[in-house]
Amino acid sequence: MYEIAPVLKDGKVFIGVGDQELIFTSGCTSFNPQEESELRVWMHTAKLVCLEEMCMVCSLLSEQKEQEATELAINIMRYLKRTRKEYPRCMYEFQKRLNSAKD
């Protein structure tokens with residue numbers, strides 16, 4: 001799985017996704033869980049974080065390893081459901097990391 005990191009640009013905070021380097025920028029966060037657009041940004045980020053695993057499901061299916069592909073797909077689904085449920089907590093932890101990096 002990829003990791004997330006804050007990307008500051010033009011006074012806004014974007015969510016960067018990658019490993020050793022930035023690969024994707026998923027969207028701009030306002031750190032406000034009451035905004036409907038905030039959930040979309042964090043779910044988009046979650047999908048990018050597990051992009052390699054989604055590709056692995058396809059590879060496993062093409063190799064006719066259906067059981068392994070199914071198990072991995074179920075794990076991805078659980079991760080996405082957990083992200084949807086817990087995204088405000090993740091958002092606040094992300095904001096704390098950003099604030100500590102600024103200090």
Side-chain angles (χ1 to χ4, degrees):
M1 286 192 152
Y2 291 125
E3 301 211 6
I4 61 173
V7 176
L8 302 172
K9 183 176 181 184
D10 299 330
K12 296 181 180 180
V13 180
F14 293 85
I15 305 170
V17 180
D19 44 22
Q20 299 296 326
E21 59 187 51
L22 178 67
I23 299 174
F24 306 103
T25 302
S26 69
C28 182
T29 178
S30 63
F31 296 111
N32 183 356
Q34 274 64 34
E35 285 186 23
E36 194 173 310
S37 62
E38 194 73 22
L39 175 60
R40 282 194 303 273
V41 168
W42 285 93
M43 289 307 299
H44 182 69
T45 301
K47 292 171 189 170
L48 289 172
V49 164
C50 59
L51 186 61
E52 286 183 329
E53 286 77 8
M54 290 180 192
C55 292
M56 196 179 303
V57 169
C58 296
S59 295
L60 290 168
L61 288 172
S62 68
E63 296 169 10
Q64 298 180 345
K65 297 180 179 178
E66 294 171 5
Q67 182 65 32
E68 291 175 50
T70 300
E71 290 171 10
L72 184 55
I74 289 170
N75 286 333
I76 292 169
M77 183 182 68
R78 286 180 182 150
Y79 168 76
L80 293 174
K81 283 184 177 183
R82 190 173 61 245
T83 298
R84 177 177 291 280
K85 181 179 173 185
E86 299 177 1
Y87 92 93
R89 181 185 56 80
C90 298
M91 181 187 61
Y92 291 128
E93 288 176 13
F94 184 77
Q95 189 174 27
K96 285 180 192 174
R97 277 183 31 204
L98 174 64
N99 291 339
S100 67
K102 288 181 180 178
D103 295 340

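All figures in this text were calculated on a predicted structure; none of them were measured in a lab. Residue numbers count from 1 along this sequence.
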(Q) Walk me through whether L98 and L8 qualify under side chain to side chain contact (heavy atoms under 4.5 Å, CB included). (A) CA-CA 10 Å; L98 174 64; L8 302 172; 4.0 Å; yes
Q. Going through the distances and angles, do E3 and V17 end up as a side chain to side chain contact (heavy atoms under 4.5 Å, CB included)?
A. CA-CA 6 Å; E3 301 211 6; V17 180; over 6 Å; no
**Q.** Check against salt bridge (charged side-chain N to carboxylate O under 4.0 Å, His left out), R89 and E93
**A.** CA-CA 6 Å; R89 181 185 56 80; E93 288 176 13; 2.8 Å; yes
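The shortest non-hydrogen separation linking R97 to A5 is NH2-CA, 3.7 Å. Among all heavy-atom pairs drawn from H44 and S26, the shortest one is CD2-O, 3.1 Å.
As a member of the Ile/Leu/Val/Met/Phe/Trp/Tyr network built from side-chain separations under 4.5 Å, F14 groups with V7, L22. Other members of a hydrophobic cluster containing I74 are absent, since no ILVMFWY side chain comes under 4.5 Å of it, directly or through relayed contacts.
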Please tabulate, for the side chains in residues 46-64, all donor-acceptor contacts under 3.5 angstrom to protein atoms that are two or more places apart in sequence or on a different chain.
residue, atom, partner, partner atom, Å
E52, OE2, Y2, OH, 3.4
E53, OE2, M1, N, 2.9
S59, OG, C55, O, 3.4
S62, OG, S59, O, 2.7
E63, OE1, K65, NZ, 3.3

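Residues R84 and L80 fail the side-chain proximity criterion, which asks for heavy atoms closer than 4.5 Å. For the pair F31/Y92, no side-chain contact is recorded, criterion being any heavy-atom separation below 4.5 Å from C-beta on.
Atom OG of residue S30 and atom NZ of residue K12 lie 11.0 Å apart, to the nearest 0.5 angstrom. Interatomic distance, T83 OG1 to K81 NZ, rounded to the nearest 0.5 Å: 12.5 Å. Interatomic distance, SG of C90 versus NZ of K85, reported as 12.0 Å (0.5 Å rounding). From I15, atom CD1 reaches atom CE of M91 across 9.5 Å, with rounding to the nearest 0.5 Å. Distance CD1/I4 to OG1/T29: 9.5 Å, rounded to 0.5 Å.
The backbone N or O of P33 lies less than 3.5 Å from a partner atom in the side chain of Y87, making a donor-acceptor pair. Side chain of N32 to main chain of Q34: a donor-acceptor pair is present (N/O by atom type, distance under 3.5 Å, no hydrogens or angles).
Two different hydrophobic clusters hold L39 and M77 under the rule that ILVMFWY side chains link at heavy-atom gaps under 4.5 Å.
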